[in-house]
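Step one of this worksheet: look at the structure below.
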Amino acid sequence: MLPLQADVATPTTPRATHKIAMSVARGAALSVSLDEPSLLAGIKSLLSDSSLLKSIHDYKLAIHALESSGLKLAGVRHDPMLYSYLVNPTYSSHTLADAALRQFNVKLSGTLPEAADITRQLASALRGEIEELGLAKVYEEIDLPLVPVLARMEHAGVKIDRKVLAAMSTRLQREIDAKAKEIYECCAMEFNINSPKQLGDVLFNKLGLPKPVKYGKGKTISTAVDVLEALAEDHQVAKLVLEYRQLAKLKSTYVDALPALLSPTTGRLHTTFGQTGTATGRLSSTNPNLQNIPIRTELGREIRAAFIAEAGHVLLAADYSQIELRLLAHFSKDPLLVEAYRRGDDVHTLTASQVFGVPPLMVTPDHRRQAKVVNFGIVYGLSPFGLSQNLGIETGQARDFINAYFEKYKGVRAFIDQTLEQARRDQKVKTLFGRVRPIPDINSKNANLRGFAERTAVNTPLQGTAADLIKIAMIRIDAELQERRLKSRMTLQVHDELVFEVPEKEVDTMRTLVREQMENVHPLNVPLLVEIGVGPNWRDLE
DNA sequence: CTGGAAAGCGCC
DNA sequence: AAAGGGCGCTTTCCAG
């Protein structure tokens, strides 16, 4: 059997190309031969058939049929969608029409010959830019080989315990109704609590609660969580609204939404991973988004418990521990930070000890909590104001903390300064592997825009490098699973976490395999630590 | 009736 | 005046 290979892929989503090419190969949907023009035509006509394009299940079956019959997909060589994304990941769309509009300033009419023609022209032009920008390796070794890996993950899907969610739905509805009743009584009137406009009117005009200093950007008074939290101590109604919001959010977004998306044929949940949707190189997840399943609150964790493994299997979740802070240590080579990670010390405790000037053994849990906010805040460019809001302290004190941080971590200060200097010079920043993000506003005279640009410039190399590392790990783990004919399946990626569904007999093998691949993904100045949990569901992991 | 903006909030 | 990087989904509300 010859591997199927297409030279140029018509952009829709990159994986749609693989998936559809597989459908074509299988002859399930179209009877075309595998020479390239026919393949392109077949792909295009599939794309124009919305019923096929929307029926994700069809190509998932195709993948399955293809792989179970021993066919291997060699894939495409030139994918204009991925090219367009790598050349400038800040555009929101990389479809054929939008990429062609940007590249050639042409509006497409949508005919097949035109699409084929433009596809080839785009591939050629963008390939040139990829090489000029030094992105060929990122394309060949990361984004392109990731495509079939993501296709397999989407095809595998995750198992959901419907009964858990159904029971929760009934219970939550009852609690929401009760909570609404309490709120109405408290306010002596009925209104739509889900409407921030009506809620703000009732709370701040009718009931006369103190209006937040921070008004919303627009005309309405903000009823955001931090505003209500500030009021909750003195005003029961604010607390009730917060509780109502939490119940309503979890019920509508997860408890009721997820079961409706279960595949009728596989009975499982199949997300779509977006490979061209973020400015930093991260993946996204839609339909449903499985990268924002609750975990923070007890109620949220109940939802996580509904993500289960097939009989005879367990879930294995592997997390990179503090990967962005470790990358900050790597890039900055800051001696304190690097040595701490090399020794395996607790970095939040170290920061607490440095910033608050106490010996590590004297660091209290509250010190550590505050230091944790400082550590992560640095990565995001947190201001004294932001830190003060977050910790509930004076801005002056927050400023002292931040100054103390940079006084101790001199390498971090230098890293930030160098990164900004380089961004101002090149109007772009790069990850460790050379993935590029333009930072056009870095020299803007508008201080607001410039501030955003500066925070972006510092954060992107960290967030983007973490994204590159886990993508490489995924490609290698997938290769191992295939090569060794293991039955375990990679099912989810949540930025710094991978989730697998593993036959009980393979647990030990997988623990070792996943840890090895993730920890040794690339040599850095600090070790990478992977935390692995195994259990019957996504909540109860040990 | 549909589409999109705005507000809000779930995750890393 | 704003004040923390990156996402996607739900709801409300309003314009066309």
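Protein chains get the first letters and strands the later ones, always in sequence-line order, with residue 1 at the start of each.
Taking each heavy atom of Y409(A) and T351(A) in turn, the nearest pair found is OH-OG1, 2.8 Å.
Set against dC13(C), dG10(B), dG5(C), the side chain of S195(A) has dC13(C) as its closest nucleotide. The S252(A) side chain lies nearest to dT11(C) when the options are dT11(C), dA3(C), dG6(C). Nearest to the side chain of T253(A), among dC12(B), dC9(C), dG4(C), sits dC9(C). For T286(A), the side-chain atoms get nearest to dG8(C) when compared with the rest of dG8(C), dC7(C), dG10(B). Nearest nucleotide to the side chain of N292(A), out of dC14(C), dG8(B), dC11(B): dC11(B). Side-chain proximity of D496(A) to the nucleotides dC12(B), dG5(C), dG4(C) is greatest for dC12(B). In the set dC7(C), dC9(B), dA3(C), the nucleotide with an atom closest to the side chain of A279(A) is dC7(C). Among the nucleotides dT10(C), dT11(C), dG6(C), the one closest to the side chain of N194(A) is dT11(C).
Put simply, K197(A) has a side-chain N or O that comes within less than 4.0 Å of OP1 or OP2 on dC14(C). Phosphate proximity of dG8(B) to S222(A): present, with a side-chain N or O under 4.0 Å from OP1 or OP2. Residue R437(A) places at least one side-chain N or O closer than 4.0 Å to OP1 or OP2 of dG6(C).
Remark: P of dC7(C) and CG of L283(A) are 12 Å apart, rounded to the nearest angstrom. One atom, CD of E324(A), and another, C1' of dG4(C), lie 12 Å apart when rounded to the nearest Å. If you measure from atom CG of N289(A) to atom C1' of dC12(B), you get 11 Å, rounded to the nearest angstrom.
Centre separation under 5.5 Å together with a plane angle under 30° holds for the ring of F385(A) and the six-membered base ring of dA3(C), marking them as stacked.
Side-chain to base pairing of R296(A) with dC11(B): no donor and acceptor N or O lie closer than 3.5 Å to each other.
R455(A) comes within 4.0 angstrom of sugar-phosphate atoms only, judged by non-hydrogen atoms across all strands, and of no base. Counting non-hydrogen atoms under 4.0 angstrom, I295(A) reaches the backbone sugars and phosphates but no base. Within the nucleic acid shown, S285(A) comes within 4.0 Å of sugar-phosphate atoms alone, with no base atom in reach, counting heavy atoms only. Residue Q198(A) is classed as a sugar-phosphate contact, given heavy-atom separations below 4.0 Å to backbone atoms only. Nucleic acid contact for A248(A): none, since no nucleic acid atom lies under 4.0 Å from a heavy atom of the residue. Across all strands shown, A466(A) has no heavy atoms under 4.0 Å from either base or sugar-phosphate atoms. Within 4.0 Å of T223(A), counting heavy atoms only, lie sugar-phosphate atoms of the nucleic acid but no base atom. Among the protein residues, V458(A) comes within range of no part of the nucleic acid, since none of its heavy atoms lies under 4.0 Å from any strand.
Rounding to the nearest 0.5 Å places CG of L391(A) at 8.0 Å from CG of L382(A).
Taking the six-membered ring where the residue is Trp, Y139(A) and Y83(A) present tilted rings, their angle falling between 30° and 60°.
The 12-atom threshold is exceeded at NZ of K179(A), counting heavy atoms of other residues, nucleotides or ligands nearer than 6.0 Å. Around NZ of K251(A), the count of heavy atoms belonging to other residues, nucleotides or ligands within 6.0 Å exceeds 12.
Residue-to-nucleotide proximity on DNA chain C shows that, of N459(A) and N448(A), the 5′-proximal contact is made by N448(A).
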- Message: Set out, in order, the CA-CA distance, both residues' side-chain angles and the distance that settles salt bridge (Lys or Arg N to Asp or Glu O under 4.0 Å) for E519(A) and R326(A), then state yes or no.
- Response: CA-CA 12 Å; E519(A) 289 186 346; R326(A) 286 171 196 269; over 6 Å; no
